[in-house]
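For reference, positions follow the sequence shown, starting with 1.
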Amino acid sequence: MTRNVLIIEDNPGIGELVRMHVAELGMNPVLCDRGDTGLERFREGDIDLVILDLMLPGMDGLSVCREIRAGSGYVPVLMLTAKNTELDRVLGLEIGADDYLTKPFSVAELSARVKALFRRVDAMASASAVGTSNNELTVEGLRIDPVRRRVFVRDREVELTVREFELLWHFASHPGRVFSRVQLLDTVWGYTHEGYEHTVNTHINRLRGKIETNPARPEFIQTVWGVGYRFRE
């Protein structure tokens with residue numbers, strides 16, 4: 001079944017570049033040049049991935065992402081950002097974007113991100129279909145349900161993005177093992193690109209803010225200085 005990729009980008013050159021390479025991956029690109037019309041097209045349904053620029057006429061990308069996440073069901077969102085908009089990238093991840101690409105980006109990197117997101121979606125669907133052999137995991141008030149992909153902290157459910165859940169489950173499945181940022185990028189994100197290790201830092205900080213009583217003194221995801229991170233034993 002052909003996957004439909006909604007591209008919301010107002011720059012004609014970038015929009016056409018992304019459209020062309022999404023088509024080369026065997027997917028069906030749907031291009032919109034405004035945030036409001038892009039959101040309307042998304043709400044019509046049958047969209048499997050959204051590639052979303054931040055600076056858009058009609059409605060900005062952060063608002064579009066917020067509206068997408070307010071709906072039912074999960075569709076991955078890949079943000080496109082300018083180099084000098086780090087705050088917007090962080091806000092986008094907080095709102096629910098799964099990943100981001102900084103302009104200018106290479107075609108190879110775009111392809112890697114799109115493929116990685118769909119691998120994660122396929123893995124989620126496969127786990128749901130077969131029920132998965134992974135059992136629920138509970139550690140000191142933290143409960144992770146891998147089948148329903150739900151997380152509870154002291155019986156209070158916390159909302160995690162798909163990437164945050166994948167990161168937490170990877171850590172919790174390997175208690176005590178230390179992972180470098182590069183290893184986490186390769187395993188959880190599905191790609192490794194030099195200079196993107198800060199993506200891991202951002203997600204871990206956000207994850208700690210949701211599951212830790214005191215994120216400044218984390219109980220679950222611990223820093224191993226000069227090496228990386230580990231989940232408590």
Is it true that E40 and R43 make a salt bridge, defined as a side-chain N closer than 4.0 Å to a carboxylate O? no

Short question: side chain of K210, backbone of V158 - any donor-acceptor pair under 3.5 Å? no

Would you say V18 and L31 are hydrophobically clustered, going by side-chain heavy atoms of ILVMFWY under 4.5 Å? yes

Hey, does L78 have a side-chain heavy atom less than 4.5 Å from the side chain of L101? yes

Under a 4.5 Å side-chain heavy-atom rule over Ile, Leu, Val, Met, Phe, Trp and Tyr, are V178 and L184 clustered together? no

Are V64 and I47 connected in the hydrophobic side-chain network, where two residues link if heavy atoms are under 4.5 Å apart? yes

Consider only side-chain N and O atoms of S63 and D60, and report whether a donor and an acceptor are under 3.5 Å apart. yes

Audit row: E212, R217, salt bridge (Lys or Arg N to Asp or Glu O under 4.0 Å) steps and yes/no: CA-CA 8 Å; E212 303 283 2; R217 301 184 65 180; over 6 Å; no

Just wondering, do R3 and N28 contact through their side chains at under 4.5 Å, heavy atoms? no

Go through the steps to decide whether L49 and F118 satisfy the test side-chain contact (heavy atoms from CB on, under 4.5 Å), and finish with yes or no. CA-CA 8 Å; L49 168 68; F118 277 126; 3.6 Å; yes

For the aromatic rings, using the six-membered ring if either is Trp, is the centroid distance between F231 and H170 under 6.0 Å? no

Answer whether the closest heavy-atom distance between the side chains of P76 and V50 falls below 4.5 Å. no

Point-to-point distance, once rounded to the nearest 0.5 Å, from SG of C65 to CE of M59: 12.0 Å

Do the side chains of D10 and R34 get nearer than 4.5 Å, heavy atoms only? no

Which heavy atom in P215 sits nearest to a heavy atom in G209, and how many Å separate them? CG-CA, 3.9 Å

Path from V107 to I7 over hydrophobic side-chain contacts below 4.5 Å: no

With side-chain contact (heavy atoms from CB on, under 4.5 Å) as the test, would you mind laying out the steps for L56 and L52 before giving the verdict? CA-CA 9 Å; L56 292 165; L52 175 64; 3.8 Å; yes

For the CD atom of E164 and the CG atom of L168, what is their distance to the nearest 0.5 Å? 9.5 Å

Straight-line distance of D98 CG to R113 CZ, nearest 0.5 Å: 12.0 Å

Any chance CD of E233 has more than 12 other-residue heavy atoms, nucleotides or ligands included, within less than 6.0 Å? no

D46 meets the salt bridge (Lys or Arg N to Asp or Glu O under 4.0 Å) criterion, sequence neighbours left out, with none

Apply side-chain contact (heavy atoms from CB on, under 4.5 Å) to residues M27 and N4 and explain how you reach the verdict. CA-CA 6 Å; M27 302 169 190; N4 297 318; over 6 Å; no

With a 4.5 Å cut-off on side-chain heavy atoms, are L207 and L167 touching? yes

Rounded to the nearest 0.5 Å, what separates atom CG in D99 from atom CD1 in I51? 11.0 Å

Can I get a per-line list of side-chain donor-acceptor pairs under 3.5 Å for residues 220-230, giving both atom names and the distance, sequence neighbours left out?
unit_1: Q222; atom_1: OE1; unit_2: R230; atom_2: NE; d: 3.2
unit_1: Q222; atom_1: NE2; unit_2: E219; atom_2: O; d: 3.4
unit_1: T223; atom_1: OG1; unit_2: R208; atom_2: NH2; d: 2.8
unit_1: Y229; atom_1: OH; unit_2: R181; atom_2: NH2; d: 3.4
unit_1: Y229; atom_1: OH; unit_2: N201; atom_2: OD1; d: 3.2

Flag side-chain contact, heavy atom, 4.5 Å: I8 against F42: no

Electrostatic pair D145:R150 at N-O distance under 4.0 angstrom: no

Using a 4.5 Å cut-off on heavy atoms from C-beta on, say whether the side chain of F152 contacts that of L142. no

Looking only at non-hydrogen atoms, find the nearest pair between P175 and A172 and report the distance. CD-O, 3.4 Å

Short N-O contact, K103 and E9, less than 4.0 angstrom: yes

Hey, could you give me the CZ/CD distance between R154 and E140, rounded to the nearest 0.5 Å? 8.5 Å

How long is the span from the CZ atom in R143 to the CD1 atom in I211, to the nearest 0.5 Å? 14.5 Å

For a quick test of reading the model, state the closest non-hydrogen atom pair linking V114 to L25 and the distance between them. CG1-CD1, 4.1 Å

So R69 and V77, do their side chains get closer than 4.5 Å, heavy atoms only? yes

Please evaluate residues V30 and V5 with respect to the criterion side-chain contact (heavy atoms from CB on, under 4.5 Å), reporting the C-alpha separation (whole Å), side-chain torsions for both, the decisive distance (0.1 Å), and the verdict. CA-CA 6 Å; V30 180; V5 178; over 6 Å; no

Considering residues, nucleotides and ligands other than D155, do more than 12 of their heavy atoms fall under 6.0 Å from its CG? no

Hydrophobic clusters here meaning ILVMFWY residues chained together by side-chain heavy-atom distances under 4.5 Å, can you tell me if L17 and V22 are in one? no

